[in-house]
Amino acid sequence: MQNEKVALFIIFGGSGDLARRKLYPSLFRLYQKGYLSRHFAVIGTARRPWENDYYRQIVVDSLNDIQATDEQIAEFAGHFYYQSHDVTNAAHYTVLKKLADTLDQKYQLQHNRIYYLAMSPNFFGTIAKHLKSEQILTTAGFNRLIIEKPFGHDYESAAELNQQIRASFEEDQIYRIDHYLGKEMVQNIAAIRFGNNIIESLWNNRYIDNIQITLSEALGVEERAGYYESAGAMRDMVQNHISQIATLLAMEPPVSFSARDIRHEKIKVLRSLHIDTPEEAQHNFVRGQYGPAVIDGQRLEGYREANNVASDSKTETYVAGKMEFENYRWAGVPFYVRTGKRLAKKETRVDIVYKQLPTNIFKAAQDDNKLGHNILTIFIEPTEGFSLRVNAKRLGQGFATRPVDLNFRHSAAATGNSPEAYERLLLDAMNGDSTNFTHWDELSQTWKFADVVEKVWSENTPTDFPNYASGSMGPKAADELLARDGRHWIFSAQPK
């Protein structure tokens, strides 16, 4: 088959939640579409003493929500093998190498190997070291390492981890995954900007007043509370997902739509990202933590009531702030960002707010004497599509105006058939396309940015937590952050 990819996947953490929820279903969809066929195999490793048959049943069970025949699923699962593995034990890598070499011959895999680290980052450096020292890395085919976040806890730890991995892998072999870069409408940012002259020609500080990025989640921390206590919303969402979206919005047009040229522009614009002073960080960033609330007769617990959370926890579940790029295109244009747990509605979107006209010739015809801002909205999830808000004449006598939204939404059928983020990114890794993965130079800049805020927060203990109710849109201070600049959040959802 012309599109068939040839590779051996070695998944460290093969028994984990990520593998079951995302990796196995994504690999199966690629199998259904013909990207994987006869010439692939998967080795799952973990500490649990499983046998191949038990592991294959785990894989089969992970595909319950996908329509497929029993024969197709059984054939797919037959390519999976399990090895009980202690990542700190060099002898276990010798056994792993033997199995990998055997499968390479059996499935004619051409020595192509993808190593997926779906486990604690504490072991990333150890695994990378042993893959090289025990000669599991091949010399004839390709070797590609996919790493899940968090990549470090701050700049210093991320730099140390990067140094450990780079001792075994070159930068172009490392695929730091950010699943937001695999989402349909995040990838559409480039098409909107660089595929439309009417958009790109106005994409600068002469015409744009501000840009707002919202990643709002209706759920609480749920089973991730243990992780969240050590991370918080800044590290979990702002340093990676939000920063990557902001970078795509702010970067210059690349010479070509290639991984190398896109990465060059992303790195360049991140070097212009203003790193706040401690005083600026305290002024420009707001943190929050959700408390309990009763909505429609149902009580929603506060963050401090969740399992594995301290009763006096100071961990933020909400962040709002201002990012600024100090370059010719964006000088003076604030990028307002916010993300939070247990908010009124699940919504990921970007609002580009254009400057108002210098004069309103219709002011005598309407009571408020104002024309609304033109706003281009990119809906990322759960809705996928665009909206452009323009001013139009009201029906009837006179020339009073009103805002009108020109809308486009992908249909449910289209989004249902669209590849899931992990499916896209796994295929990109097999193709050697790193466009939608994060380079170390990008990561280092976003950590330097986030570290200033984290340091200020660590030195100033919040005294008002919890400071927003579950089902609201966050703390009042987030609205005041924009109000100080004479602006407001475009997206506002009412509590459930």
Side-chain angles (χ1 to χ4, degrees), residues 178-218 241-254 257 262 265-266 269 323 329-330 333-339 343-357 371-392 401-421 424 435-436 473 482 487-493:
D178 184 331
H179 71 274
Y180 268 75
L181 294 180
K183 292 182 180 293
E184 177 69 39
M185 294 308 299
V186 171
Q187 295 190 349
N188 236 313
I189 290 173
I192 295 167
R193 284 195 57 190
F194 307 129
N196 297 284
N197 186 40
I198 193 173
I199 300 296
E200 180 58 24
S201 60
L202 305 179
W203 204 263
N204 54 61
N205 54 11
R206 289 184 61 195
Y207 300 101
I208 293 178
D209 180 82
N210 70 90
I211 292 178
Q212 302 180 15
I213 302 172
T214 298
L215 275 68
S216 167
E217 299 183 75
H241 304 322
I242 285 180
S243 295
Q244 281 294 316
I245 293 173
T247 302
L248 293 172
L249 293 164
M251 62 184 272
E252 292 296 313
F257 198 74
I262 291 172
E265 296 301 340
K266 289 174 71 178
V269 79
M323 303 173 71
R329 181 185 289 261
W330 294 115
V333 178
F335 284 59
Y336 297 110
V337 303
R338 59 176 171 170
T339 183
L343 298 180
K345 183 180 179 182
K346 178 179 176 61
E347 181 92 0
T348 300
R349 60 188 278 163
V350 176
D351 293 292
I352 298 97
V353 184
Y354 288 88
K355 292 181 177 179
Q356 291 180 314
L357 289 165
L371 283 172
H373 286 276
N374 297 136
I375 302 170
L376 172 64
T377 299
I378 304 171
F379 298 99
I380 296 174
E381 68 174 355
T383 300
E384 296 182 3
F386 320 102
S387 174
L388 177 61
R389 182 168 298 173
V390 299
N391 293 303
T401 62
R402 67 184 181 94
V404 175
D405 290 336
L406 309 178
N407 286 306
F408 168 77
R409 300 289 193 278
H410 287 296
S411 67
T415 55
N417 291 324
S418 177
E420 198 266 353
R424 295 175 191 273
T435 303
N436 297 308
M473 278 306 291
L482 272 67
R487 300 183 175 99
H488 66 275
W489 293 107
I490 300 303
F491 170 65
S492 177

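As the structure is a computational prediction, the values presented were derived from the model and not from experiment. Below, each value reflects all heavy atoms present in this structure, side chains not excepted, and no hydrogens, waters or symmetry copies. In this chain, residues are counted from 1 in sequence order.
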When rounded to the nearest 0.5 angstrom, what distance separates [atom1] in [X] from [atom2] in [Y]?
| X | Y | atom1 | atom2 | result |
| --- | --- | --- | --- | --- |
| Phe335 | Asn210 | CZ | CG | 9.5 Å |
| Asn374 | Leu357 | CG | CG | 7.5 Å |
| Asn436 | Gln187 | CG | CD | 4.5 Å |
| Met185 | His410 | CE | NE2 | 5.0 Å |
| Met323 | Leu249 | CE | CG | 10.0 Å |
| Leu181 | Thr247 | CG | OG1 | 9.0 Å |

Can you list the residues that meet the side chain to side chain contact (heavy atoms under 4.5 Å, CB included) rule with [X], with sequence neighbours excluded?
| X | result |
| --- | --- |
| Ala190 | Phe194, Phe257 |
| Ile199 | Ile192, Asn196, Trp203, Leu376 |
| Asp351 | Gln212, Arg349, Ile375, Thr377, Ile490, Phe491 |
| Thr435 | Ala259, Ile262, Asp433 |

Next item on the list: List the steps, then state whether side-chain contact (heavy atoms from CB on, under 4.5 Å) holds for Met473 with Ser216.
Entry: CA-CA 8 Å; Met473 278 306 291; Ser216 167; 4.2 Å; yes
Do [X] and [Y] have side chains that approach each other closer than 4.5 Å (heavy atoms only, starting at C-beta)?
| X | Y | result |
| --- | --- | --- |
| Glu265 | Pro253 | no |
| Ile352 | Ile208 | yes |
| Val353 | Ile211 | no |
| Gln244 | Lys266 | yes |
| Thr214 | Val337 | no |

For the backbone of [Y] and the side chain of [X], can you confirm whether one donor and one acceptor N or O come within less than 3.5 Å of each other?
| X | Y | result |
| --- | --- | --- |
| Lys183 | Glu381 | no |
| Arg487 | Leu482 | no |
| Glu217 | Leu343 | no |
| Trp330 | Asn205 | no |

Next item on the list: Name all residues meeting the salt bridge (Lys or Arg N to Asp or Glu O under 4.0 Å) criterion together with Arg206; count only those two or more places apart in sequence or in a different chain, and write none if there are none.
Entry: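 Arg206 satisfies salt bridge (Lys or Arg N to Asp or Glu O under 4.0 Å) with no other residue.
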Next item on the list: Using salt bridge (Lys or Arg N to Asp or Glu O under 4.0 Å) as the criterion, list what pairs up with Glu200, not counting sequence neighbours.
Entry: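 Scan of Glu200 (salt bridge (Lys or Arg N to Asp or Glu O under 4.0 Å), adjacent residues dropped) gives Arg193, Arg329.
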Check: On the ring face of Phe379, is Arg409 found with NZ or CZ under 6.0 Å from the centre and within 45° of the axis?
Finding: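 Verdict for Phe379: a cation-pi partner in Arg409.
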Note to self: Check the orientation of Phe386 and Phe408. Use parallel for under 30°, tilted for 30 to 60°, and perpendicular for over 60°.
What the structure shows: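 Plane angle under 30°, so parallel.
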Next item on the list: Using distance alone, with no hydrogens and no angle criterion, decide if Asp178 and His241 have a side-chain donor and acceptor under 3.5 Å apart.
Entry: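 Yes - a donor-acceptor pair under 3.5 Å links their side chains.
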Notebook entry, point to check: So, Thr401 and Asn391: side-chain donor and acceptor under 3.5 Å apart, yes or no?
Noted result: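 No.
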Notebook entry, point to check: Can Arg389 and Asp405 be said to form a salt bridge (charged side-chain N to carboxylate O under 4.0 Å, His left out), step by step?
Noted result: CA-CA 4 Å; Arg389 182 168 298 173; Asp405 290 336; 2.9 Å; yes
